[in-house]
Amino acid sequence: MELNLKDLNPEQQEAVKATEGPVLILAGAGSGKTKVLTYRIAHILEQKLAAPEEILAVTFTNKAAAEMKQRIAKLLGDSVTLPWMGTFHSICVKILKRDGHHVGLGANFSIYDPSDQQDTVKEAMERLKLSVKEINPRAVHGHISTAKNELVKPADYANFANGYFQEIVASVYPVYQEILRENNAVDFDDLLMYTAELLQNHAQVREKYQRLFKYIMVDEYQDTNNAQYVLVNLLAKEYRNICCVGDDDQSIYAFRGANIRNILNFNRDYPDAKVVKLEQNYRSTQKILDAAHAVVSKNKNRTAKKLWTQKAGGDAITVFTAENERQEAEWVVSRIQQLEKSGVDLEEVAILYRTNAQSRGLEEACVRFGLAYRIVGGVRFYERKEIKDILAYLRVLYNPADDASLKRIINVPKRAIGPKAVVDLQAKAKLSGLSMIKLLLSGEDVSESKAIEKFAILLRELNASVQRLNIVELIGHIVEQTGYFEMLRDGTAENEARIENIKELISVAAKYEEAGPVTGLSMFLDEVSLLEEEVQNVEGGAVTMMTIHAAKGLEFEHVFLVGMEEGLFPHSRVFTDPTELEEERRLAYVAITRAKHNLYMLHADSRLYFGSRQNNLVSRFVGDIPENLRSHEGGYTKAAEWEAVDSFDDWKSAAEDRAVDLSPGDKVKHNYFGVGTVLGIKDDMVKINFGSAYGTKELALEFAPLEKI
DNA sequence: GTGCATTCCTTTTTT
DNA sequence: AGGAATGCAC
């Protein structure tokens, strides 16, 4: 098959043909980025510049990888062997399965999902006798995650720790890591950190992969974190054929460690880099692009650029002011039903929101009005209780060090094994130097508890079956033998749905049926832990609902952007930090540029939030859009005027004002530490005594959430 | 050891 | 408002 580059515009062709040396492709929203990447890979393969396994293509989501695979197959024919393609995390799993033993990782390691990770933090805190009530384990985990993304190891964290909270983290982090080790488990961040460590410290392994990957491509480079940055640049050292694609305006993952400077500094890292700018947009009308530009160009931290399109004109952006969130949802749904009547395909319609919590009201409205919908994200597949249970069973059988998974299912379904029996078993295991699972499997008389004995017999039987059953049979065997299905067969709709979910899991597992026993189990567990979302199949057309983050990379004819309110979007949590405000602005840019033809922005004068009513002002992002691009419905008055906090300089002077306000002896209230007394102020730091609970703290005036009382 | 009621805590975004 | 975690009665 002949690859036809005539399908591409001159810049796109340039990007495809520039195979050798470092290349940066600055690809604006809707500029055909995926097309360029797929053609580029196809081009390299077709020109026989490299074998498929010598190409590494990193994408941001599994979905993006799947789509790219499909499109390459379409270009070159189904028979083509595909390159290494996937997310950073999935590629790291692949590498660690092969070579992880160099960094002390057993081959059968478990991958803990976020809730397992949080449980592990809790356990670490319990071991340290830290109160889970006073210190939020989630926040602790957040800090550990950040550290790992910066490749800061447990032992080194203390050197960076600054302030009360980080000292706590410094004590928890090593214990957390130790527990993961005990269970032969890793968290998501470990996948990156261990792979980086592996490549940094083990020359043989490093050179193996450096020589293997002749061509490396990284999508969404603006959203890479430090660990990912180290990884790709290390891998690219041998051939230097590294091609990074991204758009600094679409960097929206700083909260999980993404560093926008990675893309901004590409030229510094590779002074000989070829830079290709894709600025022609094939997606949206000029009006939509103008609106998006009006919002994002207020950011200071960006490279100057402007998208253009041949689709001049277009409809104005409809802004609807609703009385409350219920009316907002109803307006969206009825407008979509009007569109449907006029022949619009529901697959071309999306409702986007800032937070997952907003989906509920919209979902209700869809049900009430009978509009077909699907939610992307929300409750993830692996977050469902029944799925977690089944996966825990599989992990126990796969990784006999994984006592955390054992604890999850040892009494599910109920088999009269309470917390006390578990603690006893744990103690015995510790004495014999085995994991609880291994002890149970050993067949020794481990407990006077009849219930435990019975469970041990069950476990041994399941363990034996791993060798002879393929993954589909194995799951079926587990749900029957353990009584899990029986527990769910009580006729309630809820449990019916659970059974359906497990069947769905089995159909996912069918992909690995042919790999045979053990291998299939291994492949299945590795992949399913990193699976980001459930794909809900809805018969016929349906509207798609999701967060703006989840919508990145997608496009729709009609986009409804709900909750355009100060406090929601931009979210109130970012008001204290101008860099985060810039990220919200980029998020708004991403949201607006999802629309091809029509964009609707909604806000409600009154909204139920946290159980209480709030009256939010219209989002500043609406106000940023020039009036001649908007058309209003409902009782719109005007957008919030928040310029004072929008600019870093002004905001700083506000902080300085506050500094002048405080003097020794003043009583202040801190969001976290409570009430305290100001002891003194030096430069931009303030020293406050918070009493016996937290002692004396030095806080940055600029950042501390302080209030004078 | 299990089941129920009450409290309390949450919500930013995700691999 | 809703879900998880805790505390209390069987």
Among [options], which nucleotide sits nearest the side chain of [X]?
X	options	answer
A:His549	B:dT13, B:dT10, B:dT15	B:dT13
A:Asn356	B:dT13, B:dT15, B:dT10	B:dT13
A:Pro114	B:dG1, B:dT11, B:dT15	B:dT15

Identify whether any heavy atom of [X] sits under 4.0 Å from a base atom; if not, whether one sits that close to sugar-phosphate; answer base, sugar-phosphate or nothing.
X	answer
A:Glu580	base
A:Ala416	sugar-phosphate
A:Lys122	sugar-phosphate
A:Phe88	nothing
A:Asn411	sugar-phosphate

Measure from [atom1] on [X] to [atom2] on [N] and round the result to the nearest Å.
X	N	atom1	atom2	value
A:Phe255	B:dT11	CZ	P	14 Å
A:Glu220	B:dT15	CD	C1'	13 Å
A:Leu581	B:dT13	CG	P	18 Å
A:Tyr112	B:dT14	OH	C1'	21 Å
A:Arg360	B:dT11	CZ	P	13 Å
A:Glu582	B:dT13	CD	P	22 Å
A:Asp119	C:dA4	CG	P	12 Å
A:Arg138	B:dT12	CZ	C1'	9 Å

- Item | Ring geometry between A:Phe560 and A:Tyr600 (parallel below 30°, tilted from 30 to 60°, perpendicular above 60°) | parallel
OP1, OP2 of [N] versus side-chain N and O of [X]: anything below 4.0 Å?
X	N	value
A:Asn149	B:dT15	no
A:His571	B:dT12	yes
A:Arg256	B:dT14	no
A:Thr547	B:dT14	yes

- So, does the side chain of A:Arg354 form a donor-acceptor pair with the base of B:dT12 at under 3.5 Å? yes
- Dump the intermediate steps for side chain to side chain donor-acceptor pair (under 3.5 Å) on A:Glu386 and A:Tyr484, then the final yes or no. CA-CA 9 Å; A:Glu386 62 279 13; A:Tyr484 203 95; 5.7 Å; no
- Return the stacking result for B:dT15 and A:Phe60: yes when the ring centres lie under 5.5 Å apart and the planes under 30°, no otherwise. no
- Would you check, one step at a time, whether the test side chain to side chain donor-acceptor pair (under 3.5 Å) holds for A:Tyr589 with A:Gln250? CA-CA 7 Å; A:Tyr589 175 78; A:Gln250 294 187 67; 5.5 Å; no
- Item | P-based separation of B:dT13 from C:dA4 [nearest Å] | 16 Å
- Under 3.5 Å, is there a donor-acceptor pair between the A:Asp119 and A:Tyr112 side chains? no
- Is a side-chain donor-acceptor pair under 3.5 Å present for A:Asn262 with A:Thr224? yes
- Query: If you find the nucleotide of DNA chain B closest to A:Ala421 and the one closest to A:Val574, which residue's nucleotide is nearer the 5' end?
  - Reply: A:Ala421
- Message: Could you report the tightest heavy-atom contact between A:Asn495 and A:Met487, atom names first, then the distance?
- Response: ND2-O, 4.2 Å
